[in-house]
Amino acid sequence: AGNVTAVIGHNGAGKTTLSRCLCGLEKRCKGILEKEGTSYSSKQRLKLCYMVMQDVNHQLFCESVEDEVLLGASDTGKEIKERAKEIMQKLGIWEFRDKHPMSLSGGQKQRVAIASSVLAEKEILIFDEPTSGLDYYHMVSTAQLFKELRDMGKSIFIITHDRELIERCCNYEFYVADRQATLYGL
């Protein structure tokens, strides 16, 4: 908890599969997720983790950006709506709150999915190439949001090739190659 880990490696090395196993989405996964002395089954991991996929088009369901961001929230009260507004402003998508998510650019859709993940209040957040399609300004604001989540005690894994993102917010690099993985501190 409280760390941002970059998951790096060549294309096809297994980074996304590893993330799907971590979340409990990969049926063939044989590994064990243990957190603070407790082991979690695949089904339990689904409640513990939230994954933002590389192709966020598979994750957008609602008629408006605001509804999409609020979709995974555990609460629907005034406080959560204020938090949603704050996150959407931070990620530069507040102005699109009434638009259909599928009408946005790829980078804007990515930021909608990231905002939704924050409000889902899961302990482990996994992002698959979260800065693909983002310009430098939005990459920096996304990195800042990841640091804030880290400071809130979240465990964050970012599958990325973006060295600038890694340098801005990651504590560790998890290098995946040939079905082996090595963890490095930064």
Side-chain angles (χ1 to χ4, degrees), residues 1-42 44-56 58-59 72 87 90-91 106-107 109-111 113-186:
N3 286 295
V4 180
T5 302
V7 180
I8 60 172
H10 297 291
N11 290 337
K15 301 179 300 293
T16 299
T17 302
L18 171 69
S19 297
R20 289 177 53 80
C21 288
L22 181 62
C23 287
L25 295 172
E26 189 65 44
K27 301 294 184 213
R28 300 172 293 157
C29 180
K30 302 277 192 265
I32 296 170
L33 172 64
E34 186 176 301
K35 184 177 185 295
E36 297 173 0
T38 303
S39 293
Y40 293 89
S41 69
S42 291
Q44 291 169 319
R45 288 182 227 172
L46 290 170
K47 295 177 183 174
L48 187 68
C49 301
Y50 190 104
M51 182 172 179
V52 175
M53 298 176 202
Q54 185 172 6
D55 184 357
V56 295
H58 299 296
Q59 289 183 267
I87 292 165
K90 191 172 287 188
L91 292 173
K109 290 177 193 176
Q110 191 76 24
R111 289 180 277 150
I114 291 169
S116 182
S117 74
V118 173
L119 288 180
E121 297 184 9
K122 304 286 186 167
E123 292 181 43
I124 300 173
L125 302 174
I126 301 163
F127 301 93
D128 194 349
E129 296 289 349
T131 56
S132 63
L134 299 187
D135 60 20
Y136 180 76
Y137 173 81
H138 290 107
M139 181 278 295
V140 170
S141 63
T142 300
Q144 181 60 38
L145 182 61
F146 290 154
K147 289 194 290 190
E148 290 172 20
L149 292 168
R150 173 191 68 203
D151 294 345
M152 291 168 52
K154 304 289 184 186
S155 298
I156 302 167
F157 294 88
I158 305 170
I159 300 168
T160 188
H161 297 281
D162 187 339
R163 292 304 313 172
E164 287 180 300
L165 176 68
I166 293 169
E167 291 169 9
R168 287 193 171 274
C169 65
C170 294
N171 306 79
Y172 296 97
E173 280 186 357
F174 195 70
Y175 180 69
V176 180
D178 301 323
R179 296 182 160 193
Q180 300 292 319
T182 308
L183 183 66
Y184 300 98
L186 298 177

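Note: hydrogens, waters and symmetry copies are ignored here, and every other heavy atom, side chains too, is used.
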Qualifying salt bridge (Lys or Arg N to Asp or Glu O under 4.0 Å) pairs, either residue in residues 158-174, two or more places apart: R163-E173

K35: partners by side chain to side chain donor-acceptor pair (under 3.5 Å), with sequence neighbours left out: E123

Reported CD1-to-OG distance for the pair I124 and S117, which is rounded to 0.5 angstrom: 13.5 Å

Qualifying residues under side chain to side chain donor-acceptor pair (under 3.5 Å), relative to D55, sequence neighbours excluded: N57, H58

Set of residues satisfying side chain to side chain contact (heavy atoms under 4.5 Å, CB included) with respect to A120, sequence neighbours excluded: Y50, K122

Which atom pairs, donor and acceptor, lie under 3.5 Å between side-chain atoms of residues 6-15 and protein residues at least two apart or in another chain?
residue	atom	partner	partner atom	Å
N11	OD1	H161	NE2	3.3
K15	NZ	G9	O	3.0
K15	NZ	H10	O	2.9

Where C21 and R45 come nearest, the two heavy atoms and their spacing: O-NH1, 2.6 Å

Residue pair G185 / Y172: nearest heavy atoms and the distance that separates them: CA-CD2, 3.6 Å

Contacts of Q59 that satisfy side chain to side chain donor-acceptor pair (under 3.5 Å) - sequence neighbours left out: none

Side chain to side chain contact (heavy atoms under 4.5 Å, CB included) against T38, all qualifying residues, sequence neighbours excluded: Y40

Pairs where residues 130-160 contributes a residue and the test ring-ring contact (aromatic ring centres under 6.0 Å, His included) is met, not counting sequence neighbours: F127-F146

Pairs satisfying salt bridge (Lys or Arg N to Asp or Glu O under 4.0 Å), at least one member in residues 127-147, at least two apart: none

Residues in salt bridge (charged side-chain N to carboxylate O under 4.0 Å, His left out) contact with E148, at least two apart in sequence or another chain: K90

Closest non-hydrogen atom pair, L134 against G107: CD2-O, 3.3 Å

Value rounded to 0.5 Å, distance of CD1 in I126 from CZ in R20: 11.0 Å

Qualifying residues under side chain to side chain donor-acceptor pair (under 3.5 Å), relative to R150, sequence neighbours excluded: none

I158 side chain near L125 side chain, heavy-atom distance below 4.5 Å: no

From NZ (K27) to OG (S42), nearest 0.5 Å: 7.0 Å

Side chain N3, main chain S155, donor-acceptor under 3.5 Å: no

Any S19 side-chain heavy atom under 4.5 Å of Q54 side chain: no

Reported CD1-to-CG distance for the pair I114 and L149, which is rounded to 0.5 angstrom: 10.0 Å

4.5 Å side-chain heavy-atom contact, V52 and P130: no

Nearest-0.5 Å distance that lies between atom CG in L33 and atom SG in C23: 9.5 Å

Partners meeting side chain to side chain contact (heavy atoms under 4.5 Å, CB included) with I32 (sequence neighbours left out): S39

Between SG on residue C29 and CG on residue L22, distance to nearest 0.5 Å: 8.5 Å

